[in-house]
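These notes are about the structure you will find just below.
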Protein chains: 2
Amino acid sequence: MIRLGLVGIGKIARDQHLPAIAADKRYTLAATASRHAQLDGLPGYAEIGAMIAGDNDLDAVSICTPPVGRQVIAMAAIDAGLHVMLEKPPAATTSEITALAEHARTRGVTLFATWHSREAAGVAAARDWLCDKEIRAARIRWKEDIRRWHPGQEWILEAGGFGVFDPGINALSIMTAILPTPLLLDSATMDVPEGRSSPIAATMAMRSGEAAVDADLDFLQTGPQSWDIEVDTDAGTLRLSMGGSVLQLPGADPVTGEDSEYPHLYARFAELVATGQSDVDIRPLQLVADAFLVAERRVAAPFQF
Amino acid sequence: MIRLGLVGIGKIARDQHLPAIAADKRYTLAATASRHAQLDGLPGYAEIGAMIAGDNDLDAVSICTPPVGRQVIAMAAIDAGLHVMLEKPPAATTSEITALAEHARTRGVTLFATWHSREAAGVAAARDWLCDKEIRAARIRWKEDIRRWHPGQEWILEAGGFGVFDPGINALSIMTAILPTPLLLDSATMDVPEGRSSPIAATMAMRSGEAAVDADLDFLQTGPQSWDIEVDTDAGTLRLSMGGSVLQLPGADPVTGEDSEYPHLYARFAELVATGQSDVDIRPLQLVADAFLVAERRVAAPFQF
């Protein structure tokens with residue numbers, strides 16, 4: 001039984017983490033830390049330090065606060081000898097997650113940097129199907145309406161807010177998981193609205209082995225939304241749609257799986273804790289930082305929510 | 001004896017690599033690959049593929065081509081079972097160097113991502129002196145004249161050219177080496193000249209443990225040039241100047257060491273090859289990518305060389 005502290009009680013915690021924890025017999029939710037909320041019947045603290053100091057006999061924490069500030073919270077947990085699970089992206093910068101991984105290794109605790117989209121229903125089967133194919137080309141088409149999914153979230157277009165890479169990193173987490181060879185960036189473009197710091201649209205020109213991998217990310221998509229990945233191989237084209245939950249193999253009908261991304265993440269975390277392992281894959285965040293590093297920037301029309 | 005192939009014969013190869021290789025008895029320079037130059041009396045090839053295919057009995061290659069394209073060259077060398085030494089920065093992106101490190105590990109060859117400034121005369125002594133001090137604050141002041149040191153190098157201000165981080169990464173390579181705790185970035189500013197893609201000046205607000213670490217990078221410094229690092233501790237302020245070659249400890253006179261950065265790099269590479277180890281520290285490049293990821297950008301006056 002893992003006595004778990006939950007840090008951050010926002011929308012993602014209520015929609016995904018709490019139901020997944022409640023449904024998994026390996027966990028007891030023992031306490032929470034949040035500046036803004038508490039849960040009925042549970043010890044609630046404003047800060048993780050107080051939660052750790054409290055008499056809660058914790059084994060692990062799951063951190064779903066925003067990425068800025070998450071590294072300091074996770075360090076405190078690791079210092080206290082607790083196992084740590086992190087929402088995506090695992091930190092605000094690549095340096096932070098690298099430092100966290102090293103610290104967890106030194107202290108001998110489990111660190112799990114989660115990428116929930118990798119647990120989408122079609123992803124594991126896509127990876128298995130691709131592993132012995134010749135990859136010829138691949139495409140990401142990730143187009144959603146920022147006003148619909150992130151209403152009023154001004155921070156997302158501020159410096160460090162990732163802009164359209166906030167959803168786009170989910171596509172990169174899937175692509176790095178299903179392709180058999182490393183995904184590397186050659187060039188990128190970013191359209192940054194006048195007066196903003198982060199892009200509202202972007203393209204990435206990548207490669208994996210000999211295959212060109214292109215990404216088209218857009219935050220101004222009204223009407224039908226696209227969270228699609230296609231991979232052309234010597235055996236035809238594989239299609240993942242709806243964020244990875246629908247898989248279509250060549251010549252077959254699309255298969256829609258059940259959504260159990262967060263239950264899978266918690267099952268995996270329990271497994272990692274039981275076996276004394278960590279799982280920290282920084283590649284999706286590296287690709288985003290690399291895109292900012294090499295991008296051609298263009299000024300786009302001003303944007304208001 | 002290491003039979004070495006040199007890839008890229010530009011200014012850095014002629015000024016630094018060739019003299020260091022010639023002076024080290026552990027190396028025989030066996031061949032070169034460069035599109036633009038050859039060396040008298042040595043087999044010269046236009047491409048690394050031809051050099052590898054040639055009858056040169058190579059053990060290792062040293063790659064000092066520009067960072068864009070270096071990953072493909074290094075992959076070819078690793079595929080051929082050769083040990084690889086890389087000029088700084090080790091690749092064009094963090095993803096590329098991570099993929100190279102993994103490939104070298106899989107193939108069982110040595111990969112050495114060099115940071116020549118870490119071999120400056122004062123750096124090792126600075127690290128040793130700092131290791132048991134309480135760090136209270138630290139500063140980087142890296143200010144040079146782009147027209148003097150990079151005349152006509154338009155690419156440096158293009159997308160992927162790093163701008164003022166091309167020299168600034170040297171300061172970050174020293175700072176990450178001498179501080180006892182990880183160096184993490186909180187925020188950054190970048191001044192990008194109108195019509196250019198990379199910054200001509202930048203600031204970074206970082207931290208290491210509880211200490212604030214600030215960097216002030218400028219490419220428009222005329223008159224005296226600054227390549228200075230200061231670290232305030234409980235035992236006074238340590239000063240590294242002239243790019244790390246002059247060390248001043250509190251209460252002592254400045255000590256200027258001999259410049260043997262590249263001889264040290266080649267000595268270290270020979271050691272790594274002999275012991276079957278790799279040395280790939282991506283933290284300086286991560287900090288640069290992180291700075292681009294989170295920076296507030298400002299438009300600066302147009303710049304002409």
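Protein chains get the first letters and strands the later ones, always in sequence-line order, with residue 1 at the start of each. Please read all numbers here as calculations on a predicted model, not as lab measurements.
The distance from the CD atom of B:Glu96 to the CZ atom of A:Arg207 is 5.0 Å, given to the nearest 0.5 Å.
Each of A:Pro182, A:Gly160, A:Ala91 has some count of heavy-atom pairs under 4.5 Å with chain B, and the biggest count is that of A:Gly160. Contact tally against chain B (heavy-atom pairs below 4.5 Å) for A:Thr93, A:Val192, A:Val68, A:Thr181: the top residue is A:Thr93.
Each ring-ring contact (aromatic ring centres under 6.0 Å, His included) pair with one or both residues in residues 156-186 of chain A, not counting sequence neighbours, appears once here: A:Phe165-A:Phe292.
In terms of modelled atom types and a separation under 3.5 Å, the side chain of A:Asp290 and the main chain of B:Ser95 share a donor-acceptor contact.
Residue A:Glu158 does not touch chain B at all, counting heavy-atom pairs closer than 4.5 Å. Neither the backbone nor the side chain of B:Glu102 comes within contact range of chain A; no heavy atom of the residue lies under 4.5 Å from a heavy atom of that chain. With a 4.5 Å cut-off on non-hydrogen atoms, B:Thr94 touches chain A through its backbone and its side chain both. Only the side chain of B:Ile282 has a heavy atom closer than 4.5 Å to any heavy atom of chain A. For B:Val72, the part lying near chain A is the side chain, with the backbone staying farther off; criterion is any non-hydrogen pair under 4.5 Å.
Here the closest heavy-atom approach between residue A:Ala99 and residue B:Leu184 is recorded as CB-CD2, 4.0 Å. In this structure, A:Ser197 and B:Glu296 approach most closely via the heavy-atom pair OG-OE1, 3.1 Å. Nearest heavy atom pair, residue A:Val294 against residue B:Ala159, reads O-CB, 3.1 Å.
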